[in-house]
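To start, the structure under review is shown below, and the notes come after it.
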There are 2 protein chains.
Amino acid sequence: MTEGTDRVGGGAGKGDAREAVAPRRVTMTPGARRVLGAAARLFYDRGIHAVGVDLIAAEAGVTKKTLYDRFGSKEQIVVEYLADRDERWRVFLAGYLDAAPTPRDKAVAVFAASRDWAVGHMAKGCGMVNAHAEISDPAHPAYAIIAGQKAWMLGLFTGLAAEVVPRGAERLGRTLMLLHEGALVASGLRVFPGAIEQARRDAEELLRRAAAVDPAHG
Amino acid sequence: MTEGTDRVGGGAGKGDAREAVAPRRVTMTPGARRVLGAAARLFYDRGIHAVGVDLIAAEAGVTKKTLYDRFGSKEQIVVEYLADRDERWRVFLAGYLDAAPTPRDKAVAVFAASRDWAVGHMAKGCGMVNAHAEISDPAHPAYAIIAGQKAWMLGLFTGLAAEVVPRGAERLGRTLMLLHEGALVASGLRVFPGAIEQARRDAEELLRRAAAVDPAHG
DNA sequence: GCTGAAGTAGACCGATCTGTATACCTGCTT
DNA sequence: AAGCAGGTATACAGATCGGTCTACTTCAGC
């Protein structure tokens, strides 16, 4: 299972945004792009099962024939929606990662990226988690995308943690992962305001203490 | 049968399990109980919108007429499902809380309760978070139950934190909340094995350090 | 000038959705 | 003995679901 999914990259946690994910079977014509845009908004806001293809087509300003000519099925639209969201997030995150000089800064930058990404993109929590709530079959093609993003994020955190502390990196990376996931949920559910920012500060403190115990690296 | 059955009491985090939630409008006949049981399993496993009332009735061994005579609508079944799940969880948690002597132990016991509750009850993450993913309208009656449980959990954590550290209790309580929510998500998504147990240990360490800084209380 | 890709417009299909109706049966309680 | 709550069995209604189909249009490239 845990085959070396991806290098989290020494310097800048890079990684192909589409590793191991089936290549795009859809030719992205202008109409298809509008369909994907409308579907992304509707699926995220209202839930996947609650949105019909007729509504997607209407919101996209295309006919159902165009929709089916491009995507073939609703399931494929769901897959493209999740794959596209995953890709956009990784690109967005890469900017924050590249701007952070040290591994510790990079780890903290993930939270800053999520905090900023949440504005306009995550009013209802993590799209992957929400999609997972509606998918029961692990054989569903969307499953791999969801699990893939989470595995990649965990790899990113543990990889960065390994550069902060030689020993106990897995433990630290996992704790950062828990903090991050919890922040997304708390933000989406509006449990308290500024959840992601608080998680960012918590991560900062956690990393500072971890580095203090083992000050080999900065 | 609809009286405020349980009280979660303990050192902190008091609150009726049904505070501010509409009283049960449904008379729980044997048939209604079977409907609720079947609906709970199906809603959690497959998602709310993916499950039809015909399937619920069939799985419950009841006709659709009985189902509608008791609940009136599918929406009401959803509400009862969430209210019932919330109540069961609070009762389950109360046992762990009562058995823990100190506030610190109680806070850690929440994670232990979730870890044990997950066996058989939470293979797909938090039912409230998953339901939230499928509900778009904040005016939906289920919304209050979902938000109510999260607010209650936050109050529980911050209340216990206040007994550990006089100052910075809100910050500590919120961090515990983030850790806990993240653990539920990571457990449901199977990001890595033993997520809730690791969160329990993280919370333990966090509370020990917090108490060490301000050793007024145990 | 023709072809093919990308599109609109809209009818249509069978299945499934939530919800209702009619008729009958059973076991308690008064 | 009567009445009623709780139930079975089943048919039905109107809407919506995912998906297909025919016919026509527009436009770029060879």
Side-chain angles (χ1 to χ4, degrees), chain A residues 24-82 131 133-137 139-142, chain B residues 1-2 24-82 131 133-137 139-142:
Chain A
R24 185 154 284 170
R25 301 173 186 133
V26 178
T27 57
M28 285 302 262
T29 63
R33 230 175 293 271
R34 263 150 51 217
V35 166
L36 195 52
R41 184 172 47 79
L42 290 167
F43 283 158
Y44 182 79
D45 289 343
R46 308 191 192 181
I48 292 170
H49 286 310
V51 172
V53 289
D54 297 78
L55 179 59
I56 295 173
E59 292 275 306
V62 293
T63 58
K64 265 182 16 164
K65 181 171 179 301
T66 297
L67 185 150
Y68 275 98
D69 280 350
R70 295 299 125 233
F71 293 91
S73 71
K74 179 185 176 182
E75 186 178 81
Q76 189 62 30
I77 301 179
V78 173
V79 169
E80 293 299 325
Y81 152 58
L82 292 172
E134 296 200 69
I135 297 174
S136 49
D137 180 18
H140 193 291
Chain B
M1 216 74 338
T2 58
R24 185 153 285 170
R25 303 180 184 119
V26 178
T27 56
M28 285 302 264
T29 64
R33 230 177 293 273
R34 263 149 53 218
V35 167
L36 194 53
R41 184 171 47 79
L42 290 166
F43 283 158
Y44 182 78
D45 288 345
R46 308 190 191 181
I48 292 170
H49 287 309
V51 173
V53 289
D54 297 79
L55 179 59
I56 295 173
E59 292 276 305
V62 154
T63 59
K64 265 182 14 167
K65 181 170 180 299
T66 297
L67 186 150
Y68 275 98
D69 280 350
R70 294 298 124 233
F71 294 91
S73 70
K74 180 185 176 181
E75 186 177 83
Q76 189 62 30
I77 301 179
V78 173
V79 170
E80 294 298 326
Y81 151 59
L82 292 172
E134 296 200 69
I135 296 173
S136 49
D137 180 18
H140 193 292

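Lettering follows sequence order; numbering is per chain, from 1.
The salt bridge (Lys or Arg N to Asp or Glu O under 4.0 Å) test applied to B/Asp69 returns B/Lys65, not counting sequence neighbours. Under the rule for a salt bridge (Lys or Arg N to Asp or Glu O under 4.0 Å), the partners of B/Asp54 that lie at least two apart in sequence or sit in another chain are B/Lys64.
Across A/Arg70 and A/Thr29, no two heavy atoms sit closer than the pair CD-OG1, 3.4 Å. B/Asp45 approaches A/Ser136 most closely through the heavy-atom pair O-CB, 3.5 Å.
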Parsed dot-bracket for DNA chain C after applying the Watson-Crick and G-U rules with both distances under 3.5 Å and | for other-strand partners is ||||||||||||||||||||||||||||||
Would you give me the side-chain donor-acceptor pairs under 3.5 Å for residues 35-42 of chain B, sequence neighbours excluded?
residue : atom : partner : partner atom : Å
B/Arg41 : NH2  : B/Glu59 : OE1          : 2.8

Run the side chain to side chain contact (heavy atoms under 4.5 Å, CB included) test on A/Leu82 and A/Val78 for me, step by step, so that the C-alpha distance in whole Å, both residues' side-chain angles and the decisive distance to 0.1 Å come before the verdict. CA-CA 6 Å; A/Leu82 292 172; A/Val78 173; 4.3 Å; yes
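Here the C1' atom of nucleotide D/dG7 and the CG atom of B/Leu67 are 13 Å apart, to the nearest Å.
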Per-nt protein contacts along nucleotides 24-30 of chain C (heavy atom under 4.0 Å; B base, S backbone sugar-phosphate only, - none) come out as -------
Per-nucleotide protein contact string for nucleotides 7-20 of chain C (B base, S sugar-phosphate only, - none; heavy atom under 4.0 Å): BBB--------BBB
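In terms of modelled atom types and a separation under 3.5 Å, the side chain of B/His49 and the main chain of B/Glu134 share a donor-acceptor contact. With B/Arg33 contributing its side chain and B/Met28 its backbone, the two residues share a donor-acceptor pair below 3.5 Å.
B/Arg34 CZ: more than 12 foreign heavy atoms inside a 6.0 Å radius.
Note that the CZ atom of B/Arg46 and the CG atom of A/Asp137 stand 11.0 Å from one another [nearest 0.5 Å].
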